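One structure is given below, encoded as structure tokens.
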Amino acid sequence: MSGRIVSMRCLTRCAGLGALFLLNAGFAADSSDDSLQEIVVTASKRTENIQDVAESVTVISGATLQEQQKAQLSDYLAYTPGVTVSTTGSAGQSAVAIRGISPIGGTSKVATYIDEAPLGSSGIWANSGGLTLDLLPFDLDRIEVLRGPQGTLYGASSMGGLLKYVLTTPDTHKLTGAVAADVGAVQSAGEPQASLMGHVNIPLIEDILATSVSGFYKYTPGYINNAYSGATNTNDLKQYGGRLAIFWQPAGTLTVKLNAMLQTTESADDAVNSFVNPTVSPSSATAPSLVSGGVPVGPLTESEAFLQPFYNKLYFYSGTVDWDLGFAELVSATSYSQLISGQTNNQTEEFGDVSTLVGLDPGLAYEFNRYDLKKWTQELRLTSPTKNVISWQVGAFYTDEHQGNEQKVFGFDSSYQPIPEFAPYLGYANIPTTYQEYAGFADLTWNITSAFDVTGGVRYSKNKQNFQTTESGVLLGYPQTPPTTLPSVPSEANNTTWMGSARYHFSKDIMAYARVATGYAPGGANTPYPGVPEATVGSETLTSYEVGLKSEFLDRRALVDFAVYHINWDDIQLNAQVNGVGYVANGGAASSEGVELTTSYSPIEGLKLGLNSAYTDAHLKSLNADVTSPFILGAQLSNVSRWTVSGTADYGWSLSSSMTAHVGAGARWIGQQEGAELAAGLPYFVLPSYTLLDANAIIISGPWTYRLYVNNLTNAHAYSFGRMQQNAFSGAIPQIDYALAQPRTVGVGVVFRF
């Protein structure tokens with residue numbers, strides 16, 4: 001992820017300025033049973049034990065996330081082997097890379113689902129790769145993380161993998177509920193952290209109808225100070241919303257699930273630490289320029305002429321009908337979602353000198369981007385019973401998406417007064433796009449013996465898109481006249497993905513598998529300027545080869561899962577240039593290969609230990625001739641760590657006949673990352689490695705649960721993302737902003753269940 005991906009900076013470069021805490025890989029902590037508990041997932045759109053799935057899958061418990069008050073992807077996905085999260089400064093502004101497949105160019109490479117419904121834009125002009133959802137319903141059952149391409153079952157933008165939020169289902173038998181309250185202290189914050197959450201399940205008709213309602217509110221105080229303005233505690237964060245769910249079973253073989261969910265994220269400022277006057281090493285035609293060092297403006301301190309607030313609103317509605325026909329199960333999944341996001345980005349260092357064009361001293365500038373996605377989806381599928389010698393699945397999918405993308409850059413003098421010559425906007429672009437896709441998919445499994453089976457699948461999809469842009473402002477080479485609307489650019493593309501796998505059970509608890517799968521990310525309209533050789537850019541494609549072993553032994557007290565993979569990534573969408581005009585080209589190829597290890601062990605009663613690690617070598621291996629930015633071949637792709645290691649420990653015991661307790665701890669180490677793609681003559685920086693420690697303790701007494709948690713125990717300054725602020729006139733880099741992990745947070749909470 002390279003900052004605010006789809007931003008005015010991209011357009012100005014095109015036009016020219018003058019012109020465990022998780023249940024990893026299949027076990028659950030249960031203080032009453034030292035064996036590893038079975039985890040059921042729906043990764044293959046069938047319900048099965050995670051240890052029987054012929055691919056690498058991790059499950060994260062929603063209950064555990066609630067116990068430890070982990071509210072952002074960056075808080076818990078680092079415990080998942082092969083997964084890297086880059087966050088630009090607040091919840092809702094995250095990019096996820098799995099096995100080195102990172103969102104280069106801004107399009108998402110990891111698909112996001114809520115139950116059966118996909119979220120987010122499929123197109124390339126929506127910054128979908130940098131706006132991954134941080135979902136916070138109190139009744140979240142689990143999160144499934146699927147690695148590798150999932151193009152056959154899950155379609156576009158799942159070439160890196162899948163992040164699937166699975167919500168709880170209302171229970172028709174028993175009235176239940178819970179209320180939870182927490183309060184905490186964030187190091188250097190001026191106020192306490194607090195949250196209040198509640199959930200109630202109401203059976204309306206025994207065995208037939210039930211509903212559940214949940215709501216949540218979480219406040220995280222600000223802890224960043226602004227040296228430029230003198231403001232303190234600028235980055236407070238609010239997350240709130242709720243969900244209404246209905247479960248109806250009018251017949252024994254027919255069920256209907258309905259969901260309505262709202263969630264809002266409001267961040268008053270990004271959590272960044274500014275370093276000024278960094279050292280910039282010389283560059284050459286064959287070497288990049290390293291930007292390093294600099295003077296921090298203060299601990300937990302930024303230097304921004306404008307704060308950088310962010311908001312995200314999700315409106316989600318879904319309906320799933322599941323009908324057991326005997327010979328097959330029929331599922332109809334319908335959804336409508338609307339995602340509205342707004343980002344403010346200080347651009348003073350980049351565009352402040354534009355004021356000198358009208359005889360003024362260097363001034364100030366900021367950018368505001370607004371994205372509005374309305375998305376309808378429909379899927380129908382038939383799935384045969386898995387006990388048959390030949391089992392199969394066939395389905396069809398449709399999505400209709402309308403994306404709004406409005407970008408505004410405002411210019412001011414040094415006294416924060418608007419500059420009349422640049423009114424109303426220093427730069428303006430409005431980019432509405434549409435995306436429609438039709439797809440059909442099928443897979444077939446042949447159970448050759450009770451121990452050995454093979455599976456093959458295929459998906460064919462066709463998408464139609466339309467792109468249009470309206471522009472104005474001197475940054476885009478326009479006089480201050482009414483905005484200019486450029487001709488629309490339609491595009492069409494067909495994509496076929498396929499998958500083949502085989503698995504062999506040496507015993508009930510030991511299984512080996514091999515898998516080959518493909519995926520893709522759609523292309524679309526190119527930069528709409530004269531001289532660009534292609535009006536559209538094609539899809540990216542990917543092929544993954546994976547072998548793995550899943551095993552449980554010592555009476556299911558120990559687990560070892562191991563996977564090795566090699567990925568070929570072709571037609572990557574990279575920046576190219578012709579006659580000073582930038583555009584996007586299918587510019588090259590990359591590869592990613594690595595090893596992942598997941599282990600757990602219960603050596604004594606009540607104690608469970610886990611150790612996960614991953615090695616990822618992801619790099620460009622070839623470039624097309626028209627890619628003028630000479631990216632360095634063989635260098636690690638940006639925002640992807642070569643090594644990650646995490647460990648967890650949990651110990652539970654009985655305090656009395658009615659009271660239990662457990663304590664837990666976790667550590668995660670993330671190796672250094674390249675902060676930008678390495679290219680000859682261009683600057684880049686490095687994000688240093690970091691270690692974060694977490695701990696928690698819980699006492700359960702009847703309906704009451706009391707909890708204590710400490711996140712970032714050592715108060716480490718961990719940087720998951722960085723942004724170079726480069727002057728658009730001189731090319732100088734006066735400042736780098738690094739996004740910070742939340743400082744040490746100590747909290748206590750209570751839950752009452754009925």
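None of these values were measured; they are calculated from a predicted model.
To the nearest 0.5 Å, the span separating CZ on F631 from CG on L574 amounts to 5.0 Å. Atom CG of residue L119 and atom OG of residue S337 lie 5.0 Å apart, to the nearest 0.5 angstrom. Atom CD of Q672 sits about 13.0 Å away from atom CD1 of I670, to the nearest 0.5 Å. Atoms OG and CD, on S122 and E437 in that order, are 6.0 Å from each other to the nearest 0.5 Å. Distance check: E471 CD to Q407 CD gives 9.0 Å after rounding to the nearest 0.5 Å. The CG atom of D361 sits 6.0 Å away from the OG atom of S414 when rounded to the nearest 0.5 Å.
Take F467 and apply the ring-ring contact (aromatic ring centres under 6.0 Å, His included) test, not counting sequence neighbours, and it matches W125. F306 is linked by a ring-ring contact (aromatic ring centres under 6.0 Å, His included) to Y366, F412, Y416, counting only residues two or more places apart in sequence or in another chain.
Shortest non-hydrogen contact noted between G731 and Q726 is O-NE2, 3.0 Å. Among all heavy-atom pairs drawn from F422 and S355, the shortest one is CE1-CA, 3.9 Å. In this structure, G352 and A365 approach most closely via the heavy-atom pair N-CB, 4.5 Å. Closest non-hydrogen pair, A618 versus V640, comes out as CB-CG1, 4.5 Å. P734 and P278 make their closest contact through O-CD, 3.5 Å (heavy atoms, listed as atom of the first residue, atom of the second, distance). Nearest heavy-atom pair across I736 and I733 is CG1-CG2, 4.5 Å.
Between the Q347 side chain and the G411 main chain, no donor and acceptor come within less than 3.5 Å of each other. Side-chain atoms of N235 come within 3.5 Å of backbone N or O of Y223 as a donor-acceptor pair. Side-chain N or O atoms of Q403 include none that pairs as donor or acceptor with a backbone N or O of G123 at under 3.5 Å. The closest donor-acceptor contact from the side chain of D413 to the backbone of G363 lies at 3.5 Å or more, if one exists at all. At least one donor-acceptor pair under 3.5 Å links the side chain of N712 to the backbone N or O of Q742. Distance alone, capped at 3.5 Å, places no donor-acceptor pair between the S157 side chain and the A111 backbone. Using modelled atom types, no side-chain atom of T541 and backbone atom of Y520 make a donor-acceptor pair closer than 3.5 Å. No side-chain donor-acceptor contact under 3.5 Å links T87 to the backbone of G89. Proximity of a side-chain donor or acceptor of D353 to a complementary backbone N or O of P362 within less than 3.5 Å is not detected. A donor-acceptor contact shorter than 3.5 Å is absent between the side chain of K375 and the backbone of T399.
Identified under the side-chain hydrogen bond (donor to acceptor under 3.5 Å, both in side chains) test for residues 284-300, with sequence neighbours left out: S284-T286. The ring-ring contact (aromatic ring centres under 6.0 Å, His included) pairs that include a residue from residues 270-305 are F275-Y738, where partners are two or more places apart or lie in different chains.
Counting non-hydrogen atoms of other residues, nucleotides and ligands closer than 6.0 Å to NZ of K621 gives a total above 12. Crowding of K238 atom NZ: a count of heavy atoms from other residues, nucleotides or ligands under 6.0 Å not exceeding 12.
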When you look at K374 and D372, which way does the salt bridge (charged side-chain N to carboxylate O under 4.0 Å, His left out) test go after all the steps? CA-CA 7 Å; K374 299 180 178 69; D372 185 353; 3.4 Å; yes
Would you check, one step at a time, whether the test side-chain hydrogen bond (donor to acceptor under 3.5 Å, both in side chains) holds for N463 with Q465? CA-CA 7 Å; N463 71 71; Q465 302 183 54; 3.3 Å; yes
Applying side-chain contact (heavy atoms from CB on, under 4.5 Å) to Q72 and S94, what does each step give before you reach the verdict? CA-CA 9 Å; Q72 298 185 34; S94 296; 5.5 Å; no
What verdict does the side-chain contact (heavy atoms from CB on, under 4.5 Å) test give for S274 and Q725, after you've listed the backbone C-alpha separation in whole Å, the side-chain angles of each residue and the deciding distance to 0.1 Å? CA-CA 10 Å; S274 298; Q725 302 211 28; 5.8 Å; no
Derivation of the side-chain hydrogen bond (donor to acceptor under 3.5 Å, both in side chains) call for Q93 and D270: CA-CA 10 Å; Q93 299 187 86; D270 284 346; 3.1 Å; yes
Pair T232, N225 - check side-chain hydrogen bond (donor to acceptor under 3.5 Å, both in side chains), show working. CA-CA 4 Å; T232 60; N225 299 323; 4.7 Å; no
Full working for side-chain contact (heavy atoms from CB on, under 4.5 Å) between Q308 and T88: CA-CA 11 Å; Q308 302 183 104; T88 62; over 6 Å; no
Test side-chain contact (heavy atoms from CB on, under 4.5 Å) on N405 and T433 and set out the steps. CA-CA 8 Å; N405 178 347; T433 59; over 6 Å; no
Show the numbers, then the answer: is there a side-chain hydrogen bond (donor to acceptor under 3.5 Å, both in side chains) between Y240 and E266? CA-CA 9 Å; Y240 55 92; E266 296 175 349; 2.8 Å; yes
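Side chains of T616 and R642 form no contact here, defined as non-hydrogen atoms less than 4.5 Å apart. Counting heavy atoms from C-beta outward, P483 and N430 have side chains that stay 4.5 Å or more apart. Side-chain contact between V354 and F729: present, with at least one pair of heavy atoms (C-beta onward) separated by less than 4.5 Å. The closest side-chain heavy-atom distance from P418 to F410 is not below 4.5 Å. A heavy-atom distance below 4.5 Å is found between the side chains of I340 and Q338. You'll find the side chain of R723 stays beyond 4.5 Å of the side chain of V272, heavy atoms only. Between L307 and N226, some side-chain heavy-atom pair lies under the 4.5 Å cut-off. At least one side-chain heavy atom of F368 sits less than 4.5 Å from a side-chain heavy atom of T344.
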For residues 676-688, which side-chain N or O atoms pair as donor and acceptor with protein atoms under 3.5 Å away, sequence neighbours left out?
unit_1	atom_1	unit_2	atom_2	d
E677	OE2	S638	N	3.2
E677	OE2	S638	OG	2.7

Name every donor-acceptor pair, under 3.5 Å, that has one atom in a side chain of residues 530-539 and the other anywhere in the protein, sequence neighbours excluded.
unit_1	atom_1	unit_2	atom_2	d
S539	OG	N495	ND2	3.3

